[in-house]
J.: 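Below is the structure I would like to discuss, written out as structure tokens.
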Amino acid sequence: MDKFILSGFADEIDMDLNIQMDVMDKCNIKHIEMRGVDGKGLVEHDKEKVNEIKKRLDDRNFRISAIGSPIGKIDITDPFEEHLDLFKYTIDIAHTLDAKYIRMFSFFIPKGQDPYIYRDEVINRWEMFVDAAKDSGLVLLHENEKDIYGDTPERCLDLLKTLDCPYVRATFDPANFVQCGVEVYPHAFNMLRPYIEYMHIKDALSRDGSVVPAGYGDGNIDKIIGELYKENDNPMYLSLEPHLGKFAGLVALEKDNNRIENLPSSGEEKFITAFNALKNILSEIVD
């Protein structure tokens, strides 16, 4: 489909890169949002190992859609200098792997406290990220993760508008908004639409926050993808983040009289279940 490029978090299949690529090939997906690989987080590997990973990807014609980094996924009260150094190293990794995007966050807020108390510190730290990435050719993608400053569309928008930077954009994660009690569509989607450049395919149930395959939850992923399909001029990554760790413990779900009878248990089965759910949504949109 010309308007979308499929990718995914292959570490949810297995931490072994060869197994990741084997399963992604079964799904005819040739892009990976690389987060964990060969037993570690990507950004924990030294430069020699990153070069080896690049060669193995090239040998099988795989590309990196984004670096699934942990940048910004620390407490806002934690020291920042070493974390900024890690970000600078992540920039080097992105260049080595020919990745355009780095997925990032806006810091965990102390439980029970008003996030706006820490707004200035969040903005200050992100301005340092922006400065470090200047002239790098990279795009920094802020993801709406639960319990960080930008876990609501309003605070995501505040961050994006305040930074006002052409290479700071949004990764839109419907499940994370569901888990924060936010109306994903049309509210969050319409508010952030001018900044959305990348999409995580992850759905969740509003009643308990459980993550489920796309279209089986309350993220309105079908409507969002339909809007993107109508509006987008340039291809956008749809990155599968199955996150179905608890899915095998759920009773079979029903949606539109369809039922998943055989609940997946292995990483491969969960990823393929998530892929098939997305494929069904895409086929309905095209039809």
Side-chain angles (χ1 to χ4, degrees), residues 1-14 20-35 62-66 68 101 103 141 143-144 170-179 184-185 188-189 196-205 210-232 234-248 250 252-287:
M1 184 180 296
D2 292 340
K3 292 201 174 186
F4 300 117
I5 303 169
L6 300 191
S7 182
F9 284 84
D11 58 351
E12 296 201 11
I13 299 167
D14 195 277
Q20 292 179 8
M21 292 189 289
D22 287 344
V23 175
M24 298 288 268
D25 268 333
K26 288 183 182 179
C27 299
N28 198 29
I29 298 175
K30 300 299 289 188
H31 291 79
I32 296 173
E33 182 167 348
M34 189 166 279
R35 177 178 56 190
F62 274 86
R63 296 293 178 263
I64 299 300
S65 62
Y101 297 110
R103 182 279 309 265
L141 294 173
E143 178 183 343
N144 54 290
T171 286
F172 192 88
D173 190 308
N176 291 348
F177 277 137
V178 170
Q179 292 171 341
V184 180
Y185 180 90
F189 178 76
I196 298 171
E197 194 156 324
Y198 197 101
M199 177 100 181
H200 281 170
I201 303 301
K202 188 171 72 186
D203 207 347
L205 299 171
S210 298
V211 177
V212 293
Y216 285 82
D218 298 301
N220 285 304
I221 290 178
D222 54 344
K223 294 178 182 177
I224 292 169
I225 292 178
E227 293 283 351
L228 294 172
Y229 182 75
K230 289 186 292 184
E231 297 174 8
N232 276 14
N234 298 315
M236 177 182 287
Y237 285 109
L238 303 181
S239 184
L240 284 159
E241 187 181 9
H243 233 52
L244 300 179
K246 298 179 181 179
F247 184 64
L250 297 177
L253 291 165
E254 290 187 41
K255 184 174 178 64
D256 299 330
N257 299 318
N258 293 322
R259 183 185 287 270
I260 296 176
E261 295 286 0
N262 299 314
L263 297 177
S265 57
S266 71
E268 176 178 348
E269 289 172 333
K270 290 172 183 176
F271 192 89
I272 290 175
T273 295
F275 167 70
N276 286 334
L278 173 59
K279 188 168 64 173
N280 289 339
I281 289 173
L282 291 173
S283 64
E284 290 177 6
I285 290 170
V286 172
D287 291 343

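Note that the numbering runs from 1 along the sequence shown for the chain.
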J.: Say you draw a straight line from CD1 of I32 to CZ of F9; how long is it, rounded to the nearest 0.5 Å?
T.: 11.5 Å
J.: Can a donor-acceptor pair be found, under 3.5 Å and without considering hydrogens, that links the side chain of E33 to the backbone of A66?
T.: no
J.: Considering residues at least two apart in sequence or located in another chain, which fulfil the side-chain contact (heavy atoms from CB on, under 4.5 Å) criterion with D203?
T.: V212, I221
J.: Rounded at 0.5 Å granularity, tell me how far CG in N176 sits from CD in E241.
T.: 7.0 Å
J.: Within the 4.5 Å heavy-atom criterion, are V184 and K223 side-chain neighbours or not?
T.: no
J.: For D11, give me all partners under salt bridge (charged side-chain N to carboxylate O under 4.0 Å, His left out), at least two apart in sequence or on another chain.
T.: R35
J.: Mind listing the closest non-hydrogen atom pair of G219 and P174 along with its distance?
T.: O-CB, 4.0 Å
J.: Would you check if there is a donor-acceptor pair between the side chains of E197 and Y101 at a distance under 3.5 Å?
T.: yes
J.: At what distance, to the nearest 0.5 angstrom, does CG of L228 lie from CZ of F4?
T.: 5.0 Å
J.: Checking E143 now: which residues fulfil salt bridge (charged side-chain N to carboxylate O under 4.0 Å, His left out) with it, not counting sequence neighbours?
T.: R103
J.: Would a 4.5 Å heavy-atom cut-off, applied to side chains only, mark L6 and L240 as touching?
T.: no
J.: If you compare all heavy atoms of D222 against all heavy atoms of I281, which two are closest, and at what distance to 0.1 Å?
T.: CA-CG2, 3.8 Å
J.: Kindly write out the residues that satisfy side-chain contact (heavy atoms from CB on, under 4.5 Å) with K26, not counting sequence neighbours, or none if the list is empty.
T.: E268
J.: Working to the nearest 0.5 angstrom, can you tell me the gap between D173 CG and L141 CG?
T.: 12.0 Å
J.: Tell me, please, which residues at least two apart from D22 pass side-chain contact (heavy atoms from CB on, under 4.5 Å).
T.: R60
J.: Work out which heavy atom in Y229 is nearest to a heavy atom in K3; give both atom names and the distance.
T.: O-NZ, 2.5 Å
J.: Check whether any side-chain heavy atom of M199 sits under 4.5 Å from a side-chain heavy atom of M236, and report yes or no.
T.: yes
J.: In Å, rounded to the nearest 0.5 Å, how long is the span from NE2 of H243 to CZ of F271?
T.: 14.0 Å
J.: Please name the pair of heavy atoms, one in S7 and one in Y237, separated by the smallest distance, quoted to 0.1 Å.
T.: CB-CD2, 4.3 Å
J.: If you look at every heavy atom in I224 and F172, which pair is closest and at what distance?
T.: CD1-CE2, 3.7 Å
J.: Which pair of non-hydrogen atoms, one from F275 and one from C27, has the smallest distance, and what is that distance?
T.: CZ-O, 3.3 Å
J.: Please check if atom NZ in K30 has more than 12 non-hydrogen atoms from other residues, nucleotides or ligands closer than 6.0 Å.
T.: yes
J.: Would you check if the side chain of Q20 reaches a backbone N or O of D14 as a donor-acceptor pair within less than 3.5 Å?
T.: yes
J.: Could you check whether any side-chain heavy atom of H200 comes within less than 4.5 Å of a side-chain heavy atom of T171, counting everything from C-beta outward?
T.: yes
J.: Applying side-chain contact (heavy atoms from CB on, under 4.5 Å), name anything that partners N280, two or more places apart in sequence or on another chain.
T.: none
J.: Give, for atom CD of Q179 and atom NZ of K202, the distance between the pair rounded to the nearest 0.5 Å.
T.: 6.0 Å
J.: With distance as the sole test, does S65 use its side chain to make a donor-acceptor pair with the main-chain N or O of H31 at under 3.5 Å?
T.: no
